[in-house]
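Each ligand, and each atom within it, is numbered from 1 in the order the structure gives. Owing to the predicted nature of the structure, the values given are computational and were not obtained by experimental measurement.
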Amino acid sequence: MEDATTLDFAFQPHASPVPADVRAGLLANPGFGKTITDHMVVINYAEGRGWHDARVVPYGPLSISPACAVLHYAQEIFEGLKAYRLPDGGAALFRPEANARRFNESADRMAMPRIPEALFLAALHQMVRADGAWIPEIEGGSLYLRPFMFASENFLGVKPASEFLFIVIASPAGSYFKDADSVTLWVSEHYTRAAPGGTGAAKCGGNYASSLIAQAEAIREGCHQVVFLDAAERKWVEELGGMNVMFAFDDGSIQTPPLGGTILPGITRDSLLTLARDAGFTVREEPYSIDQWQADAASGRLREAFACGTAAVVTPIGKVRGRGFEFSIGNQGPGLVAQKFKDQLVAIQRGRAPDPHGWLHRLS
Ligand SMILES: *Cc1c(COP(=O)(O)O)cnc(C)c1O
């Protein structure tokens, strides 16, 4: 096998990239996930050969066979992280080693090959080197990186594939926070996101496919996001479709559901828990029931609830609704704890505050 940690990347520049003035227009108001940059990283994997043919090529369509395994059995995983512009003009990623580690844990669960961490990180570097001009300079702007891997073998038999493609694409992102200062959640009654022994802890497309109907139901019920309860007892709060959830209490404690295989181990979640411990909060990673949530919101013991993830950073939760009930939390707006953590995290990510845990990964 080739030593994949030392692959050289071939570079094929885009013959007609988006003109600078058009790009500037797009970067003034990028939204989220609408625009894809000029290039992409592609690396092949084949059983017996390992990772090979690392390259940066013009962004464009892939040609795959209708028999491509991913189209049938959904062997696919992904990651999401952001590149930030630093005050000195450089660029940085936030805890990309954690994304590399989680990517490989997802790969294990989905019977896919691991990618050496160094190769995963090199791919991110190549992506930002090629398209760093796409990092928006607006407040709250970043370049969202989307590494993913899928089964590319053409074979209809049911087995782990023997060929895969690893790809990184990038999309400029604005601030998620612009208008909604808090969200209303819909508690899914019929649908669950993950069961014990299932794929809830893996960042795989299939988890999203199965959550979309519940998210659509939430929208139909006039809510922003769905929140899932556990599959076994339909009692314990797990997470949103793509964000973890946290609770802040009047005694200065913070609580979040524990990582038990059915929720996604968010890097934002882990970072906020670390910041909370640093700041002297009591932190509990313990189950929290929907009934307790309602009771604590009513008594005022619960001061704030918020969702957290890379895309939206920290999103305050103002109201919770389900079949036959509704309750609000605190003043329904952004609470002090959520705001403080968000400010602190964003300051570290953007190189505006000391980084005591070495989370910032500067790109050369
Ligand atoms: C990605 C993701 C999160 C958040 O993880 P971060 O590393 O904080 O971005 C939470 N829940 C689900 C289901 C996810 O896919």
For this session: State whether Glu285 and Arg269 are salt-bridged, where the test is any N-O pair (Lys NZ or Arg NE/NH1/NH2 against Asp/Glu carboxylate O) under 4.0 Å.
Result: yes
Exercise. Should the proximity of Arg193 to ligand 1, defined as any heavy atom under 4.0 Å, be assigned to the side chain, the backbone, both, or neither?
Worked result: side chain
Exercise. Relative to the heavy atoms of Arg102, which atoms of ligand 1 are at a distance of less than 4.0 Å?
Worked result: 5 (O), 6 (P), 7 (O)
Exercise. Taking the six-membered ring for Trp, are His39 and His14 parallel (under 30°), tilted (30 to 60°) or perpendicular (over 60°)?
Worked result: perpendicular
Exercise. Got an N/O contact under 3.5 Å between Pro265 and ligand 1?
Worked result: no
Exercise. Does the N or O separation between Arg269 and ligand 1 drop below 3.5 Å for any pair?
Worked result: no
Problem set entry | Arg95 and Ser271: side chain donor to acceptor below 3.5 Å | yes
Exercise. Is Asp251 paired with Arg301 through a side-chain N to carboxylate O contact shorter than 4.0 Å?
Worked result: no
For this session: Could you tell me whether Arg114 and Asp108 make a salt bridge, using a distance below 4.0 angstrom between a side-chain N and a carboxylate O?
Result: yes
Exercise. Of the backbone atoms (N, CA, C, O) and the side-chain heavy atoms from C-beta on, which set of Thr268 has a member under 4.0 Å from an atom of ligand 1: side chain, backbone, both, or neither?
Worked result: both
Exercise. Just which atoms of ligand 1 are under 4.0 Å from any heavy atom in Gly241?
Worked result: 13 (C)
For this session: Examine ligand 1 and decide if any of its atoms is less than 4.0 Å from a heavy atom belonging to Glu79.
Result: no
Problem set entry | Proximal atoms of ligand 1 relative to Asn244 (non-hydrogen, under 4.0 Å) | 10 (C)
Exercise. Do Trp186 and Glu217 come close enough that some side-chain heavy atom pair is under 4.5 Å?
Worked result: yes
Seminar exercise, completed: Ranked by distance from atom 3 (C) of ligand 1, the top protein heavy atom is Gly242 O, 3.4 Å
Exercise. To which protein heavy atom is atom 2 (C) of ligand 1 closest, and what is the distance rounded to 0.1 Å?
Worked result: Lys203 NZ, 2.6 Å
Exercise. Does NZ or CZ of Arg284 fall inside the cone over Phe249's six-membered ring, less than 6.0 Å from its centre and within 45° of the axis?
Worked result: yes
For this session: Would you check if the distance from the ring center of Phe166 to the ring center of Phe148 is below 6.0 Å?
Result: no
Exercise. Any idea which atoms of ligand 1 are less than 4.0 Å away from a heavy-atom of Gly266?
Worked result: 5 (O), 6 (P), 7 (O), 8 (O)
Problem set entry | Nearest protein heavy atom with distance in Å, relative to atom 9 (O) of ligand 1 | Thr310 OG1, 2.6 Å
Exercise. Looking at atom 11 (N) of ligand 1, what's its closest protein heavy atom, distance included?
Worked result: Glu239 OE1, 2.5 Å
Exercise. Mind checking whether Phe327 and Trp293 have parallel, tilted or perpendicular rings, split at 30° and 60°?
Worked result: perpendicular
